[in-house]
Amino acid sequence: MATFLQQVVNGLSLGSVYALIAVGYSLVYSILLFSNFAHGGFLVVGGYAAYGMLNSMGMNVWAAGAGAIMAAGVVAIVTERMAYRPIRERTSATLYLLIASMGVSIVIENVFVVTIGGRYRALPEVFPSQPIVLAAREAGEAALRFFPGAAEGLTPLLTISAFDLISLGVTVVFLLLLQMFLMRTRWGLAIRAAACDLRTAGLMGVNVNLLIAIVFFVAGALAAVGGIFLATRYTLYPQLGNMITTKAFVAAVIGGLGSLPGAVIGGILLGLAEMLTAGFISSQMRDFVVFALLIATLIIKPSGLFGRDIRDKV
């Protein structure tokens with residue numbers, strides 16, 4: 001039971017980061033109805049921007065994080081303006097946007113390979129890493145003591161690192177801010193209207209190009225936050241966004257493409273599936289289980305847990 005609870009805690013921490021990235025992915029899909037495979041590039045931009053600001057400029061982690069969010073958001077806007085908008089203005093077929101997003105992903109990746117290099121980099125230790133004991137017991141005791149703090153004289157059975165706690169907390173804050181933006185602002189109302197019907201929203205007076213730019217900025221900002229935490233958890237390299245984008249796509253499909261609550265649930269489920277598989281079966285089986293979940297979802301409920309009917313997405 002202690003091992004199970006430990007893996008659940010780890011899965012929630014990892015899944016929250018997946019959820020943050022999947023939400024940005026689904027946000028773009030809900031408006032333009034195409035899978036933006038360049039989303040992982042925005043994640044890498046955020047990670048490298050934070051790395052440069054922490055190492056070269058000596059900024060603290062919060063200033064570097066804010067700078068990374070702005071950098072990834074601006075890159076996302078430029079990508080939409082230069083790669084996607086010309087296609088949108090010439091055709092309504094989303095297939096061409098999908099193909100363009102693959103090209104943009106490769107371009108961003110190789111820009112970093114050519115300019116910075118492809119070697120692995122580790123972000124400075126700006127987040128505390130000491131373990132926080134959540135549950136422990138005294139020798140000979142059967143019952144667990146939850147939230148014992150320092151657990152002096154007790155045997156720790158359930159711990160979480162301070163970094164995981166920070167990543168979970170920051171992710172929740174950003175998701176709540178996004179929810180407030182969507183529900184309580186005029187542009188949030190416009191985004192929700194465009195998610196129902198972009199053309200009708202434009203006919204009702206919404207500046208569609210500006211709305212899409214805002215959506216891409218928000219998606220890029222969320223990807224940057226996820227990129228910082230993933231680069232800290234693992235390492236930073238130009239191809240980091242490839243597998244993460246794939247898993248964000250899987251999370252979005254499981255939750256329902258275009259559904260923001262579905263993206264959050266899908267990300268959490270993915271994180272839990274990975275950690276429980278690593279803890280009880282094998283870490284080498286993590287990706288197998290992830291894609292098995294994807295296949296099972298497509299067979300049982302192709303629209304995902306919270307998605308609309310698949311015919312709405314063709």
Side-chain angles (χ1 to χ4, degrees), residues 1-30 35-37 39-40 43 134 158 160-161 163-176 178-179 182 195 219 222-223 225-227 229-230 233-234 240-310 313:
M1 178 58 69
T3 302
F4 174 78
L5 292 175
Q6 182 67 65
Q7 295 306 109
V8 167
V9 170
N10 295 338
L12 289 174
S13 173
L14 179 61
S16 66
V17 178
Y18 284 162
L20 196 66
I21 299 169
V23 162
Y25 194 101
S26 280
L27 191 61
V28 172
Y29 185 92
S30 68
S35 298
N36 180 27
F37 288 110
H39 194 66
L43 179 153
L134 300 181
L158 179 61
I160 183 172
S161 73
F163 167 74
D164 286 338
L165 198 59
I166 291 171
S167 67
L168 181 60
V170 170
T171 298
V172 171
V173 168
F174 271 90
L175 291 175
L176 290 176
L178 175 63
Q179 178 70 9
L182 292 175
L222 296 177
V225 177
F229 285 123
L230 288 171
R233 181 187 294 271
Y234 305 116
L240 175 64
N242 292 344
M243 180 54 72
I244 301 303
T245 301
T246 303
K247 290 186 176 180
F249 177 72
V250 172
V253 170
I254 291 174
L257 276 170
S259 169
L260 301 191
V264 174
I265 298 299
I268 296 297
L269 288 176
L270 221 60
L272 289 173
E274 283 198 31
M275 289 296 101
L276 290 174
T277 301
F280 290 97
I281 303 176
S282 169
S283 60
Q284 297 178 345
M285 295 288 290
R286 290 169 56 172
D287 290 343
F288 172 82
V289 170
V290 165
F291 291 103
L293 281 175
L294 173 63
I295 294 171
T297 301
L298 293 175
I299 292 173
I300 299 170
K301 198 173 188 299
S303 60
L305 297 176
F306 299 94
R308 294 176 292 176
D309 189 272
I310 193 69
K313 301 184 185 119

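As the structure is a computational prediction, the values presented were derived from the model and not from experiment. Sequence positions, counted from 1, serve as the residue numbers for this chain.
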Next item on the list: Locate the shortest heavy-atom distance separating Ala248 from Ile21; write the atom from each residue and the value.
Entry: CB-CG2, 3.7 Å

Next item on the list: Would you name the heavy atoms of Ala263 and Ser26 that are closest together and state the gap between them?
Entry: CB-OG, 3.7 Å

Notebook entry, point to check: Between Val264, Leu178, Leu175, which is the residue that forms a side-chain contact (heavy atoms from CB on, under 4.5 Å) with Leu20?
Noted result: Leu175

Next item on the list: Measure the CG-OG1 distance between Leu222 and Thr171 for me, rounded to the nearest 0.5 Å.
Entry: 9.5 Å

Next item on the list: Could you check if a side-chain atom of Leu269 sits within less than 4.5 angstrom of a side-chain atom of Leu305, using non-hydrogen atoms only?
Entry: yes

Note to self: side chain to side chain contact (heavy atoms under 4.5 Å, CB included), that's the test. Do Val28 and His39 meet it? Break it down for me.
What the structure shows: CA-CA 9 Å; Val28 172; His39 194 66; 5.5 Å; no

Checklist line | Gap separating the CG atom of Leu260 from the CZ atom of Phe306, nearest 0.5 angstrom | finding: 12.0 Å

Margin query: Can you tell me how far apart CG (Asn36) and OH (Tyr29) are? Round to the nearest 0.5 Å.
Written below: 12.5 Å

Next item on the list: Working to the nearest 0.5 Å, report the span between CZ of Phe229 and CG of Leu43.
Entry: 12.0 Å

Notebook entry, point to check: Do you know which two heavy atoms are closest between Ser16 and Ser167, and how far apart they sit?
Noted result: OG-O, 4.3 Å

Item checked: Whether Phe249 and Phe37 hold their rings parallel, tilted or perpendicular, with breakpoints at 30° and 60° -> tilted

Margin query: So Val23 and Phe174, do their side chains get closer than 4.5 Å, heavy atoms only?
Written below: no

Notebook entry, point to check: With a 4.5 Å limit on heavy-atom distance, are the side chains of Leu230 and Tyr234 in contact?
Noted result: yes

Margin query: Could you go through Val290 and Leu294, starting from their C-alpha distance and side-chain angles, then the distance that decides it, and tell me whether this counts as side chain to side chain contact (heavy atoms under 4.5 Å, CB included)?
Written below: CA-CA 7 Å; Val290 165; Leu294 173 63; over 6 Å; no

Check: Could you state the interatomic distance from CG (Leu293) to CZ (Phe288), rounded to the nearest 0.5 Å?
Finding: 10.0 Å

Next item on the list: Indicate yes or no for a side-chain donor-acceptor contact from Ser13 to the backbone of Val9 under 3.5 Å, with no hydrogens or angles considered.
Entry: no

Check: Side-chain contact, heavy-atom cut-off 4.5 Å: Tyr18 with Val250?
Finding: no

Next item on the list: Measure across Ala273 and Val289 and return the closest heavy-atom pair with its distance rounded to 0.1 Å.
Entry: CB-CG1, 4.2 Å

Note to self: Minimum heavy-atom separation for Gly241 and Thr245, please, with both atom names.
What the structure shows: O-OG1, 2.5 Å

Check: Shortest non-hydrogen contact from Asp287 to Met243?
Finding: OD2-CE, 4.4 Å

Notebook entry, point to check: Would you say the side-chain atoms of Gln7 pair up with the backbone N or O of Met275, donor to acceptor, closer than 3.5 Å?
Noted result: yes

Margin query: Rounded at 0.5 Å granularity, tell me how far OG in Ser303 sits from CG in Leu298.
Written below: 10.0 Å

